[in-house]
There are 2 protein chains.
Amino acid sequence: MNVDFCARIKLDGDSPIPLYSQIMESLRKAVECGQLRPLEKLPSEREMAESLNVNRLTVRQAIGELVSDGVLMRRRGLGTYVARQKVEQGLNKLTSFTEDMISRGFIPATKLLELQIVPADKRVSQALGMSLDEPVIAIERLRLADVEPMALEMSHLPAARFPGFLLRNKELAYKSLYEILRVYYRVTPTVAMETLEARLATVKEAALLKIHYGSPVLQRERVTLDHEDTPMEFVRSLYRADRYKFMVRMGK
Amino acid sequence: MNVDFCARIKLDGDSPIPLYSQIMESLRKAVECGQLRPLEKLPSEREMAESLNVNRLTVRQAIGELVSDGVLMRRRGLGTYVARQKVEQGLNKLTSFTEDMISRGFIPATKLLELQIVPADKRVSQALGMSLDEPVIAIERLRLADVEPMALEMSHLPAARFPGFLLRNKELAYKSLYEILRVYYRVTPTVAMETLEARLATVKEAALLKIHYGSPVLQRERVTLDHEDTPMEFVRSLYRADRYKFMVRMGK
DNA sequence: TTGTTATACTGGTATAGACCACTAGACCAA
DNA sequence: TTGGTCTAGTGGTCTATACCAGTATAACAA
């Protein structure tokens, strides 16, 4: 079965995305979607290298990063395996909306409302550590759970750091934002500072979320930092109070 | 100075410890003991490789692991640098209302509204892991910040675990609840699972909080566990949305 | 002076080949 | 059966080489 799996990976040598990165994403996806199950054995590095027509070191690089991410694990003399499911931890993990909804048993969906480059206002520039009016990519999305509106999300990214982002608007429809940032720009979120507060929905917000004007909403603001602790994203999300509870573990 | 540093690394080709690992440990130690300072530039990979008499890939492997550990950082076209100092913050510390308010610059105060023993309802018994109708200590307090109402707190403790608690009602006026539990019962909160959601204030709640009926409030529920992970407290707090933001760090 | 270009550096990706260390299982001898 | 050895296969380490892509700076042209 693994042989089939390996043969199904398609690599594009002319793509600007490095081969090892393509392999890495294929493996990561296979693990995420359950195509590769926990503790399942992968083909050997030499086998994969041969069947993918790349050097063994290239495969090793892909696997190596997944190992350090905790997705795979290696055993000398035995082989490479999918890591055990992570049980604990779930509560303070940095999750995307998609992951969050799935873990709550919902089927997530997204509707892209707006995607444009705008000058940073005071709040955004301060959160991202940039100057006022510097260009930021503004993404407004309506997030659905089981077809019903769940949240309204406004993401802001420093435009200078993600050139050509607007051209990827189609991918935003079916790919996670973080996946795009990881694959095309090699940027991975590491920590986030979040604030939560309660307020009332405006007329426009209420209409989009399909709630009554004046209904309570949970406003969540998040500054996401990359591995160098540089702000890479500022998100303001508005969750329907009747459908969403934020959960977190404190202490320890 | 970096040249000196590099020349000072001694590698043992016959050692069972891999070369890249020896390099890695030397670099890590140099950073830890301050020999290499944050943001300081390292010699280029090619330079290090030559001066250490190893292949560039060997140096790269050493540096690569340190980068994924957050000790170093690389910039294409520029070089490799020691990472910025990490300032671990106590954002996820388990705090009492009093500590929380002080850290926000407020002067906290408390008004005890109610203190009695009641049978546990469904929600409380489930949170505390006890049976329905078992006796719990119910404490209702109005929390003030700079004399103005900030939150309404309803705490529930398993009565069996804290005998004679009602006799201490006077101390509750000027001592923290956690202090009483710690001093008289040797119980210390360790972790807490919290949920946050938005809703509207009821008439009674609004009156106590001195806000208008129908104003939004942030409802915070917390199950506090002791060092043995036994539930010791269940709190439902209602914060004024116009005065309070909840802050938390996620990930990492 | 100002803007552009060349170039010499940096890290990033990928190849080919070699040998070592460890593991499981097959095999064989006591 | 028991205990050891051999062997094929795994990941682990390392070398040598090549070219790509981003960055700063010095040299040059307008």
Side-chain angles (χ1 to χ4, degrees), chain A residues 2-3 6 9 11-25 27 39-68 71-83 160-164 182-188 227-228, chain B residues 2-3 6 9 11-25 27 39-68 71-83:
Chain A
N2 277 329
V3 187
C6 206
I9 295 183
L11 295 186
D12 178 5
D14 297 327
S15 161
I17 301 169
L19 291 175
Y20 84 90
S21 184
Q22 295 181 41
I23 298 171
M24 194 171 76
E25 288 307 318
L27 289 173
L39 299 188
E40 186 173 339
K41 191 175 187 300
L42 267 64
S44 80
E45 296 176 351
R46 289 172 177 85
E47 274 175 36
M48 291 187 66
E50 192 181 0
S51 89
L52 292 174
N53 246 304
V54 298
N55 189 274
R56 182 184 155 213
L57 275 194
T58 305
V59 172
R60 259 187 85 71
Q61 189 173 1
I63 293 176
E65 290 208 24
L66 292 173
V67 167
S68 82
V71 176
L72 302 180
M73 56 188 186
R74 295 201 259 224
R75 296 245 196 108
R76 170 188 288 203
L78 291 177
T80 305
Y81 299 81
V82 178
R161 197 162 168 197
F162 305 106
R182 189 177 65 232
V183 173
Y184 295 113
Y185 301 99
R186 307 271 139 68
V187 173
T188 313
H227 63 107
E228 286 177 354
Chain B
N2 275 329
V3 185
C6 207
I9 295 183
L11 294 187
D12 177 5
D14 296 328
S15 161
I17 301 169
L19 290 177
Y20 84 91
S21 185
Q22 295 180 38
I23 298 171
M24 193 171 80
E25 287 313 313
L27 288 173
L39 299 187
E40 186 172 340
K41 192 175 185 298
L42 268 66
S44 80
E45 296 176 350
R46 289 172 176 85
E47 275 174 34
M48 292 186 66
E50 192 181 359
S51 90
L52 293 174
N53 244 305
V54 297
N55 189 273
R56 182 182 156 215
L57 274 193
T58 305
V59 173
R60 259 186 85 70
Q61 189 173 0
I63 293 177
E65 291 208 22
L66 291 172
V67 167
S68 84
V71 177
L72 302 180
M73 56 188 188
R74 294 201 258 224
R75 295 268 177 90
R76 171 188 289 204
L78 290 177
T80 306
Y81 300 82
V82 178

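Worth saying up front: this structure is predicted, and the values here are computed from it rather than measured.
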Nearest-angstrom distance from the residue atom CE of A/Met24 to C1' of C/dT13: 13 Å
Touch class at under 4.0 angstrom, heavy-atom based, for B/Leu19 against every strand present: sugar-phosphate
Separation of B/Glu65 CD from B/Gln61 CD (nearest 0.5 Å): 6.5 Å
Pairwise distance CG(B/Leu78) to CE(B/Met73) - rounded to 0.5 angstrom: 10.0 Å
Gap between atoms CD and P, on B/Glu45 and D/dA16 respectively (whole Å): 16 Å
Atom pair distance, as rounded to whole Å: NZ in B/Lys41 and P in D/dA24: 11 Å
Interatomic distance where CD belongs to B/Gln61 and C1' belongs to D/dG11 [whole Å]: 12 Å
Per B/Pro18 side chain, nearest of listed nucleotides C/dT13, D/dC14, C/dG11: D/dC14
Rounded interatomic separation in angstrom, taking CG from A/Leu66 and P from D/dG11: 14 Å
Sorted by number, the residues of residues 72-82 of chain B with heavy-atom contact under 4.0 Å to DNA chain D: B/Arg76, B/Gly77, B/Leu78
Listed nucleotide nearest any side-chain atom of B/Ser44, set C/dG11, C/dT13, D/dG11: C/dG11
Rounded distance [0.5 Å steps], CD in A/Glu45 versus OG1 in A/Thr58: 11.0 Å
Whole-Å gap separating P (C/dT13) and CD (A/Gln22): 12 Å
Contact under 4.0 Å: B/Arg60 side-chain N or O vs C/dA14 OP1/OP2: no
A/Thr58 vs B/Arg56, nearer the 5' end of DNA chain C by closest nucleotide: B/Arg56
Interatomic spacing from CG in A/Leu72 to CE in A/Met24 - rounded to 0.5 Å: 10.5 Å
Nearest atoms (heavy-atom pairs only) where A/Leu42 meets A/Tyr81: CD1-C, 4.4 Å
Interatomic distance, A/Asp12 CG vs C/dT13 P [rounded to whole Å]: 16 Å
Of A/Ile63 and A/Leu57, the one whose closest DNA chain D nucleotide lies more 5': A/Ile63
Over all atoms of both residues, closest heavy-atom pair of A/Arg186 and A/Pro18: NH2-CD, 2.6 Å
Distance, rounded to the nearest Å, where B/Glu65 contributes CD and D/dT13 contributes C1': 12 Å
Per A/Asn55 side chain, nearest of listed nucleotides D/dT13, C/dA16, C/dA14: C/dA16
Positive for side-chain contact (heavy atoms from CB on, under 4.5 Å) with B/Thr80, one of B/Val59, B/Leu27, B/Ile63, B/Leu66: B/Ile63
